[in-house]
Each structure stands twice: as C-alpha cells, then as structure tokens.
Amino acid sequence: MKIKLKGAKKIKTLTGFGGSACWWSTALADEKKREDIAELLYGDSGLGLNIYRYNVGGGFEEGNVRVDNPWRVIESFMNEDGSFDYSRDENAVKTMDACLEKGNVDTLIFFVNSPHFSHLVTRQTSGGFEEHFSNLRKDCYGKFASYLIDIAEHFISEGYPVKYISPINEPQWKWGGDYVWQEGCHYEPEEVRDCFKAFAKELEKRKSPLLLYGPESGSIDDNRTKEYYKLLESEPLIMKYLDTFAYHSYHSDNRVSDKVEFGKWAKRNIKTPHLDMSEWCELPCKHDTEDIVGTLIMARIIGEDLIYSGAESWTAWVCINQTGTYRDGGIYSDGLLHATDDFSEYHIAKRYYAMAHYSKYIPAGSVSLDLGYMSARGFSLFAFKRPDGAYALIAVNNSRAKRCAEPDIKFTQAQVITSTQDSQLKEYITEKTDKISIEPMSVSTIILR
C-alpha cells in the first residue's frame with residue numbers, strides 16, 4: 001500500500017490515551033498487585049496512559065439494591081443527610097493514587113453512571129423500574145450538581161488534579177426495567193441539556209476551575225449524539241464550561257462510513273475546544289482474551305476513531321474486567337486485563353497490546369494525518385506525526401497474507417514494533433528505505449526517522 005505522507009493534512013493534535021477505573025478498582029485491595037497493575041497501565045514500562053476516568057459511585061441503601069454483581073455496587077462519599085465520608089470507596093481511591101504516582105496522568109475525569117440514590121425517583125442507581133425512565137428527580141438537578149462538584153472540589157483541595165466532571169453516561173440507553181446490571185440513568189435530550197445547565201450554573205456561582213465533559217453518548221449510529229450537541233450549544237452558559245464534547249464509539253465497528261460521516265459533521269459543527277472518544281470495548285465480545293483477532297479489531301477501531309471521526313483522545317472501557325464467561329475453552333472478557341473477583345489472579349489480555357501500539361509510541365502532542373481512506377482487503381493504515389518530528393504509522397493486517405507499507409518520504413531508519421498471535425511488541429530496525437513488510441494477522445507500529 002502506497003502511503004502519501006508528503007503534504008498530508010493535519011486532522012487534530014492528540015491529547016492522549018486512557019482507561020476507566022470502573023469497576024475493577026473497587027475490588028483491588030492488595031497493595032503489591034495494585035502497584036504492579038498501576039505500572040502496567042500508567043507506568044513508563046507499561047502503557048503509559050495519561051487519561052484516568054474515576055467513577056464516582058451513586059451509593060445505595062441496604063435492602064434496596066437489585067444489582068447482584070459486587071464489583072458494580074459502588075459506595076458513595078455522600079451520606080443521605082448531605083454530609084460526606086471520604087473514607088469510603090477506599091480501594092478505588094488508593095488505586096487512583098497508585099496510578100497518579102506514575103507521573104503520566106495529566107487528565108483526571110470524575111464521571112458518574114448515576115446520580116446519588118437520594119436524588120432518584122426509585123432510590124436505586126440502577127435506573128427506573130421501567131425501561132427508558134428518567135430517574136433523576138426534577139427537583140434534584142441542582143442538588144446533583146452541588147453533590148458532584150463538592151466531591152471534585154474536595155479532591156482538588158487534597159491535591160488531586162481533577163480537570164473534568166462528567167455528570168452523564170450514555171443517556172439514551174434504557175437503564176432499568178426488569179433486568180439491571182450496573183448503575184445507569186436515562187435522560188431524554190432536553191434533560192441532558194437541563195442537567196448540564198444546572199452544572200454550569202453551579203460552576204458559575206462558585207467560580208470553579210472545573211470544566212464539563214460529556215455527555216458521553218453511547219453511540220454515533222443514531223441522531224441522538226448530534227441532538228445532544230445542538231441542545232447543549234443552544235445554552236451559552238453550558239458552552240462556557242463544556243470544554244470537551246465526548247462520545248462513545250459503540251455499535252459502528254463494521255461501518256467506517258458512520259465514522260467518516262460523523263467526523264465530517266463534527267468538523268463542521270462542534271465548537272467545543274476538544275472532541276474525545278471516551279469509551280469503547282468489543283461489544284458483544286466475540287473474541288477470547290488470547291485471540292489476536294480481538295487485538296486487530298481494537299487497533300483498527302482506535303485508528304478509525306482518531307483519523308475518520310477526528311477524536312483527539314481515545315479511552316478504553318475497561319482497564320480490567322472480571323475473568324468472565326468461559327466458552328469453547330476461552331475466556332471472554334472485554335478488558336485490557338482480566339481478573340478473578342478477589343484479584344487472586346489477573347492476566348494481560350492480548351488486546352492490551354492494541355492499546356500499547358498507540359499509547360507507547362504516539363505521545364500526546366502528536367498530530368493525526370489525513371491520508372484519505374487507507375483500508376483495503378483486511379489491511380488498514382493510520383498515520384501520525386510525533387512531536388519529535390518522526391512519523392508513526394499503525395498498520396493493521398487482518399489477513400493471512402503479508403502486506404507492504406510504501407511511504408513516499410525518504411527516511412534513514414524505520415523502527416518496527418509488531419504483535420502477532422505468538423509474540424507481542426517484537427521490535428526490529430530496518431534500514432530499507434522504500435517498503436516495509438507487514439506480517440499476516442498482525443498490528444505494527446512503524447516509526448520513520
């Protein structure tokens with residue numbers, strides 16, 4: 001595949017890569033394992049992630065919980081009487097501390113899946129008793145804003161670099177009904193606007209340095225994401241504090257045209273300083289944790305979101321998931337790592353290396369490049385220019401044949417890092433200056449100097 005780097009247009013300056021601490025960090029009690037995992041995710045020898053999404057749980061009252069997975073029943077810092085107890089959610093806070101101590105996190109986001117249970121009609125953070133029921137009480141929008149800002153400002157006072165608060169997560173989904181599995185809260189589009197307006201008013205009143213992030217729409221394959229933006233943009237006070245319009249990239253994995261169209265719309269319409277892709281995993285998870293195909297899919301999705309949709313950052317969901325379902329001799333878990341419920345064992349999934357091919361070699365400040373549509377017969381290629389002036393190419397070869405990347409620029413050396421079914425991040429240097437061979441069923445990072 002010929003790669004026309006000469007004169008390639010800049011798309012965006014990237015702000016980095018991240019992961020969500022929901023819900024694994026609440027279960028990680030062992031200090032040594034916490035340190036090891038923090039290094040794997042946020043350390044220089046690991047992924048070196050710089051974006052951390054901390055989940056502020058909505059809490060629960062005894063006898064009024066329908067979620068049966070202990071990882072997903074989250075303590076809240078706020079008591080029902082409005083007082084706070086910051087000794088709660090201890091494991092998650094200690095895990096956040098361990099990750100921050102690695103020195104790479106520059107973007108700390110406090111996000112919620114549901115408001116506090118006392119703000120809800122059902123008093124259950126898992127949603128309404130009917131599907132698509134707006135569970136946040138109309139008289140509690142302001143209380144919800146004060147509660148979350150109070151928590152974020154407390155952590156700022158303790159030295160945590162909290163930059164963003166994200167009050168809504170995937171507002172269009174049903175969240176509730178007969179079957180519930182996690183915290184979640186449904187919002188109609190006008191309610192998304194009203195919620196963000198309540199937050200903007202509270203931030204304005206406090207003259208807070210915090211910024212808004214969201215609304216973390218669950219998908220771009222319907223018109224809701226665009227509708228949310230138009231309603232948010234209609235309120236100048238919201239736009240004063242909405243620094244990043246963030247969305248999730250679910251349900252468009254095999255329709256790159258959706259991403260191209262969304263990217264064109266975003267370029268024309270979105271006026272926030274930043275556009276982030278803040279959550280994705282293979283959904284449904286069809287590839288076990290040891291299957292290189294899952295790695296190839298994730299590497300392709302990251303590239304498509306950064307290049308075709310124009311996202312400035314890319315964050316995985318989740319860093320670690322429960323070991324999950326055993327099927328056909330494999331473990332089907334969608335995290336970068338997977339762990340037993342008590343963390344007696346944890347393992348790196350092969351998709352971890354999909355993130356590594358980006359986060360370890362394409363630092364914040366790199367520029368995504370428009371090469372046109374670079375995908376054909378199971379081979380995709382994405383290009384970036386790093387702050388040090390080197391070009392970084394990501395080649396995803398989801399075919400059984402070798403492929404070639406043929407850059408149109410002169411370079412004296414190419415550093416090639418390749419992951420396959422049998423080896424991960426295998427590195428070599430080539431002095432060849434016309435074409436670079438790409439292994440079958442592999443993802444490669446190619447750094448041209």
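When reading the values below, keep in mind they use all heavy atoms of this one structure, side chains included, and skip hydrogens, waters and symmetry mates.
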Phe77 ring centre to Arg88 NZ or CZ under 6.0 Å, with the angle to the axis within 45°?
-> no
Do [X] and [Y] have side chains that approach each other closer than 4.5 Å (heavy atoms only, starting at C-beta)?
| X | Y | value |
| --- | --- | --- |
| Ile74 | Asn55 | yes |
| Lys360 | Leu425 | yes |
| Leu393 | Leu5 | yes |
| Ile447 | Val416 | no |
| Leu108 | Phe155 | no |
| Ile297 | Lys286 | no |
| Ile149 | Glu153 | yes |

Which atom of [X] lies closest to which atom of [Y], heavy atoms considered:
| X | Y | result |
| --- | --- | --- |
| Tyr352 | Leu40 | OH-O, 2.7 Å |
| Ala395 | Ile446 | CB-CD1, 4.5 Å |
| Ser252 | Ile220 | OG-CG1, 3.8 Å |
| Glu290 | Ile348 | OE2-O, 4.0 Å |
| Ala27 | Asn91 | C-ND2, 4.2 Å |
| Cys404 | Lys435 | SG-CD, 4.2 Å |

Glu183 and Ser126: side-chain hydrogen bond (donor to acceptor under 3.5 Å, both in side chains), yes or no, with the steps?
-> CA-CA 4 Å; Glu183 291 187 343; Ser126 54; over 6 Å; no
Please, which pairs that meet ring pair (Phe, Tyr, Trp, His ring centres under 6.0 Å) have at least one residue in residues 18-57, sequence neighbours excluded?
-> Trp23-Trp317, Tyr42-Tyr52, Tyr54-Phe110
Of all residues at least two apart in sequence or in a different chain, which pass the side chain to side chain donor-acceptor pair (under 3.5 Å) check with [X]?
| X | result |
| --- | --- |
| Ser219 | Asp221 |
| Ser444 | Thr418 |
| Lys226 | Glu261 |
| His132 | none |

Of Tyr213, Tyr241, Phe144, the residue whose pairing with Phe199 passes ring pair (Phe, Tyr, Trp, His ring centres under 6.0 Å) |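 Only match with Phe199 under ring pair (Phe, Tyr, Trp, His ring centres under 6.0 Å): Phe144.
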May I have the step-by-step check of side chain to side chain contact (heavy atoms under 4.5 Å, CB included) for Cys22 and Asn113, ending in yes or no?
-> CA-CA 10 Å; Cys22 187; Asn113 288 313; 3.7 Å; yes
What do the steps show when you test Glu90 against Lys94 for salt bridge (charged side-chain N to carboxylate O under 4.0 Å, His left out), and what is the final call?
-> CA-CA 6 Å; Glu90 180 180 11; Lys94 287 183 176 179; 2.9 Å; yes
Is any NZ, NE, NH1 or NH2 atom of the basic residue among [X] and [Y] found under 4.0 Å from an Asp or Glu carboxylate oxygen of the other?
| X | Y | result |
| --- | --- | --- |
| Lys174 | Glu131 | yes |
| Lys402 | Glu439 | yes |
| Glu204 | Lys197 | no |

Greater than 12 external heavy atoms within 6.0 Å of Gln421's CD = yes
Evaluate whether atom NZ of Lys271 has more than 12 neighbouring non-hydrogen atoms of other residues, nucleotides or ligands under 6.0 angstrom away.
-> yes
Once the angle between the rings of His251 and Trp173 is folded into 0 to 90°, is it parallel (under 30°), tilted (30 to 60°) or perpendicular (over 60°)?
-> perpendicular
With distance as the sole test, does [X] use its side chain to make a donor-acceptor pair with the main-chain N or O of [Y] at under 3.5 Å?
| X | Y | result |
| --- | --- | --- |
| Ser366 | Pro363 | yes |
| Lys4 | Leu371 | no |
| His287 | Val293 | no |
| Glu191 | Glu188 | yes |
| Asp291 | Gly294 | no |

Steps toward side-chain hydrogen bond (donor to acceptor under 3.5 Å, both in side chains) verdict (Tyr250, Glu279) = CA-CA 8 Å; Tyr250 294 116; Glu279 189 178 305; 2.9 Å; yes
Hydrogens and angles aside, do [X] and [Y] bring a side-chain donor and acceptor to less than 3.5 Å of each other?
| X | Y | value |
| --- | --- | --- |
| Thr340 | Glu345 | no |
| Thr15 | Lys12 | no |
| Gln172 | Ser217 | yes |
| Thr289 | His347 | no |
| Ser333 | Gln322 | no |
| Asn50 | Asn104 | no |

Would you say the ring centroid of Trp265 lies under 6.0 angstrom from that of Tyr247?
->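 Between Tyr247 and Trp265, which both carry aromatic rings, the centre distance is not below 6.0 Å.
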Please confirm whether Tyr229 and Phe245 have ring centers closer than 6.0 angstrom.
-> yes
Could you pull out all donor-acceptor pairs under 3.5 Å where a side-chain atom in residues 378-389 meets a protein atom, sequence neighbours excluded?
{"from": "Ser380", "atom 1": "OG", "to": "Ser375", "atom 2": "OG", "distance (Å)": "3.1"}
{"from": "Arg386", "atom 1": "NE", "to": "Asp388", "atom 2": "OD1", "distance (Å)": "3.3"}
{"from": "Arg386", "atom 1": "NH1", "to": "Tyr361", "atom 2": "O", "distance (Å)": "3.0"}
{"from": "Arg386", "atom 1": "NH2", "to": "Asp388", "atom 2": "OD2", "distance (Å)": "2.6"}
{"from": "Asp388", "atom 1": "OD1", "to": "Ala390", "atom 2": "N", "distance (Å)": "3.0"}

Pairs touching residues 304-316 that satisfy side chain to side chain donor-acceptor pair (under 3.5 Å), sequence neighbours left out =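 Non-adjacent pairs meeting side chain to side chain donor-acceptor pair (under 3.5 Å): Ser249-Asp305, Lys259-Asp305, His274-Glu312, Asp276-Ser313, Arg300-Glu304, Asp305-Trp314.
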Got a sec, which residues hit side-chain contact (heavy atoms from CB on, under 4.5 Å) with [X], two or more places apart in sequence or on another chain?
| X | answer |
| --- | --- |
| Ala354 | Thr295, Met298, Ala299 |
| Ala401 | Ser399, Arg403 |
| Ser234 | Arg193 |

Quick one: which residue pairs count as a salt bridge (Lys or Arg N to Asp or Glu O under 4.0 Å) with a foot in residues 22-34, not counting sequence neighbours?
->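 Listed by first then second residue: Lys32-Asp36.
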With sequence neighbours left out, which residue pairs that include part of residues 332-344 fulfil the salt bridge (Lys or Arg N to Asp or Glu O under 4.0 Å) condition?
->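 Checked against salt bridge (Lys or Arg N to Asp or Glu O under 4.0 Å) - neighbours excluded - no pair reaches residues 332-344.
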Would you sort out whether Asp408 and Ile3 count as a side chain to side chain contact (heavy atoms under 4.5 Å, CB included), showing the intermediate values?
-> CA-CA 6 Å; Asp408 67 347; Ile3 307 163; 5.8 Å; no
